[in-house]
Each structure stands twice: as C-alpha cells, then as structure tokens.
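We're numbering straight along the sequence, starting at 1.
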Amino acid sequence: MGPHPAVAAIRLAVRRVLHDILNEHIRPTDDSSDSSHERPPSPLVLVACSGGADSMALASALAFEAPKLGIRAGGVTVDHGLQPGSDLRAEEVALRLRQLGLDPVESVAVTVGREGGPEAAARDARYAALDAAADRHGATAVLLGHTRDDQAETVLLGLARGSGIRSLSGMAAVSGADGRYRRPFLQLDRQTARKACMVQSLPVWDDPHNADPAYTRSRLRHEGLPALEKALGKGVVEALARTAQLSRDDADALDAWASQAATAVRDAAGLLECAKLYALPPAVRRRVLRRAAIEAGAPAGSLFARHIEEVDRLITGWRGQGAINLPGKVVAQRQGGRLVIRQG
C-alpha cells in the first residue's frame, strides 16, 4: 500500500522541482565521454521552515525525496524575534528538521525593521537571512512552502492595490537571483499540506500572526476569502491561482515587447521620440517610460503607477505642461518632440 494521497502529492511536487534543479545543475560537458571530467558535487537544497504545516510538509517531502536523487538537503528557520520565546521556538523547529534527517540545519535570528509596514518588514528581513544562509552553505536553491491558497491571497492583495497586471501575477514558481527560490506547492492547497503533516504525525506550530487581524493578509485569509467563497462558490482559490499564471504570462509578454520597443523609439542620439512613443499601445509605452525612469536613477520601489501616468500625459495629453518630478530626483520633460528623463 502506497503513502496517503496527501503525502504522495507533496512528494511528487518536490520531486518535480528537484529534477528541475538537477537538470540545471549538471550541465553536459563538451565531451561527456571523457572520464577525466568529474561530475560536479551534489547540489545542496535548503528548505525555509517556520514550523507551520506548509513548510513542515515541505521539509518532510524534501528529506524523503532528496537522498533518492543524490541531492543534499538542509534547512533554515528564521527567528523574527517578534514574540516572547520565539528563539526557543526556532530552536525547536531546527531540532525537528534535524530529526527528519536534514543537514546542515540552522536557526537564524533577524531584526525586523519598520520599513513598509510590519508584514513587508518581516518579509524583507526573512529573505535577507535566507539569502545569507544560501550563500554561506553554497546552496543551489531554497524551497518555500507557499501554497495555492497563499497565491490566491497575493492576487487579491494585488487587485486591491490597483497596481496593474504584474501585481496580479502573484508569486513565481521560480524567483530570486539565478532562480534561487522555488515554490513546489503553488498548485497544492493548504489543506493537503496540513493533512500530510497529520498522517505523518509531524508536530505543527500555528503562528499567531496568521490569525492576527492587525495583519492585512490575516484578515483576507479569515474574513475576505471565506466571504468570497460563500458568495461565489468553492472554486475561488483555484480560479485566482489560475489568474496569477495567466497574468504572469501576459506580463512577461508585454515586458518582452517593451524591451524591444525601448530601442526602437529612440533617435540616433538615444533620446526618446514622442511620436514613436505615442504610436505604442499604452501598456507597452508605460513599461518603456518606467524602464527609462529607473535607468535615469528613480528607485523602482518608489515609482508608482501615478508617476508613470503623469509622464505618459507628456506624450498623450501634451498642452505645454512643465517638467514632472519623479522619485530619486529624476525629472521628465518634453523638449521639441523628444522626451528627456534625467537626474534633475
């Protein structure tokens, strides 16, 4: 008799990602028949584990699948220091990871700042710690336990911000520098991960922040999505996750188009030509303008849709208006049929 369906599902999801990592890691040499070429050392894959159901299920699947493929498997747990006893909790999670057979395993304490609100600050501190741990151990990849439910929440948060199709594309299955971060569970629901922990008798810790109404994502999880499901039926989470993938494909295509257009709309001196910009579809033109502003020194994180809309009006609604001030002391102005974006 095979494993429980939930356990089989999490293992299959991890196995697929590990196969991808192996295929990328072991590049064929020019002459693979030459035995003097040594195989590269087996890659190390880390799992980021909070001790919650999603990441504990992920850790158990990694511990089971990695040895069968000759992959070394380790784990990292991050102590955000936001609750009394969080250091003991992190040590307990690290112990559980070692008991699963993971090695190396470490617990990393971080200081969470205030930038961008509590959720964003904790996320920034966590990713900085995971990056540092991956570099320290020479890890090829870090697995994250985000599920289809997390993806649905991310899409709804993006929708509420009204910041365009890229924010509707949710979390990528592969992200970070050199594709460091992998999310094997984006097609699995949260309930499957919890069930997998239960049938394997894995202890699970439920972070009180996940139920704290002070956090936007928590309110969405416990109030917003259940209300949507009640009104629209049970398929909402799946539909939102599908929206994320479709949006990602569209956003990637528009980015590629804008990349080509960015060269085509410049004159011989490299200045942006207003007439050529005007001829572009708005979605492509705004991407070209955003890219030009970033290249001129505007910080990407501070550049919002309203900034780009103002610059866009220099092209589409020209009435002789003055220069537009952008973040990072960048100025955009129209000069004789050319759009000049530079440090002011």
I need the minimum non-hydrogen distance between [X] and [Y], along with the two atoms involved.
X	Y	answer
Ala57	Ala196	CB-CB, 4.5 Å
Ala9	Leu188	O-CD1, 3.9 Å
Val155	Ala244	CG2-CB, 3.6 Å
Ala258	Val284	CA-CG1, 3.8 Å
Ser107	Glu91	CB-OE2, 3.8 Å
Tyr127	Tyr181	O-OH, 3.4 Å

In this structure, would [X] and [Y] fall into the same cluster of hydrophobic residues linked by side-chain contacts under 4.5 Å?
X	Y	value
Leu254	Ile315	yes
Leu326	Ile308	yes
Tyr278	Leu339	yes
Leu22	Leu18	yes
Val340	Leu277	no

Main-chain N/O of Gly145 paired to Ser55 side chain as donor or acceptor, under 3.5 Å =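 Side chain of Ser55 to backbone of Gly145: no pair is present.
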Side-chain (Gln333) to main-chain (Ile341) donor-acceptor, under 3.5 angstrom =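 Absent.
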Would you please test Val265 and Arg285 for side chain to side chain contact (heavy atoms under 4.5 Å, CB included) and show each step?
-> CA-CA 10 Å; Val265 295; Arg285 182 175 59 245; over 6 Å; no
Looking at [X] and [Y], does any basic side-chain N land under 4.0 Å from a carboxylate oxygen?
X	Y	value
Arg11	Glu65	no
Arg190	Asp150	yes
Arg98	Glu92	no

So for atom [atom1], which belongs to [X], do other residues, nucleotides or ligands contribute more than 12 heavy atoms lying within a distance under 6.0 Å?
X	atom1	answer
Asp178	CG	no
Lys68	NZ	yes
Gln321	CD	yes
Gln187	CD	no

Do [X] and [Y] touch side chain to side chain, with heavy atoms closer than 4.5 Å?
X	Y	answer
Thr77	Val108	no
Arg96	Pro203	yes
Arg166	Arg248	yes
Val174	Val17	no
Cys274	Arg338	no
Leu69	His19	yes
His307	Pro327	yes
Val14	Phe185	yes

Excluding sequence neighbours, so at least two apart, what forms side chain to side chain contact (heavy atoms under 4.5 Å, CB included) with Ser86?
->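 Partners of Ser86 by the side chain to side chain contact (heavy atoms under 4.5 Å, CB included) criterion, ordered by chain and then number, come out as Asp79.
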Have [X] and [Y] got a donor and an acceptor in their side chains that come within less than 3.5 Å?
X	Y	answer
Arg180	Thr140	no
Glu106	His137	yes
Ser175	Arg183	yes

Verify side chain to side chain contact (heavy atoms under 4.5 Å, CB included) between Ser60 and Ile10, making sure each step is shown before the conclusion.
-> CA-CA 9 Å; Ser60 72; Ile10 62 166; 3.8 Å; yes
Pairwise distance [atom1]([X]) to [atom2]([Y]) - rounded to 0.5 angstrom:
X	Y	atom1	atom2	value
Glu309	Thr316	CD	OG1	10.0 Å
Thr192	His4	OG1	NE2	9.5 Å
Leu58	Thr147	CG	OG1	11.0 Å
Leu240	Leu159	CG	CG	8.5 Å
Glu310	Ile324	CD	CD1	5.0 Å
Leu202	Arg194	CG	CZ	12.0 Å

What salt bridge (charged side-chain N to carboxylate O under 4.0 Å, His left out) pairs are there with at least one residue in residues 286-300, not counting sequence neighbours?
->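 Applying salt bridge (charged side-chain N to carboxylate O under 4.0 Å, His left out) to every pair that reaches into residues 286-300, excluding sequence neighbours, yields Asp255-Arg287, Arg266-Glu295, Arg286-Asp312.
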Yes or no on side chain to side chain contact (heavy atoms under 4.5 Å, CB included) for Val45 and Ile21, after CA distance, side-chain angles and deciding distance?
-> CA-CA 9 Å; Val45 174; Ile21 291 167; 4.0 Å; yes
State which residue, out of Arg219, Arg148, Arg217, fulfils the salt bridge (Lys or Arg N to Asp or Glu O under 4.0 Å) condition with Glu153.
->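 With Glu153 as partner, Arg219, Arg148, Arg217 yield a single salt bridge (Lys or Arg N to Asp or Glu O under 4.0 Å), made by Arg217.
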Please walk me through it: do Val105 and Val76 pass side chain to side chain contact (heavy atoms under 4.5 Å, CB included)?
-> CA-CA 6 Å; Val105 167; Val76 184; over 6 Å; no
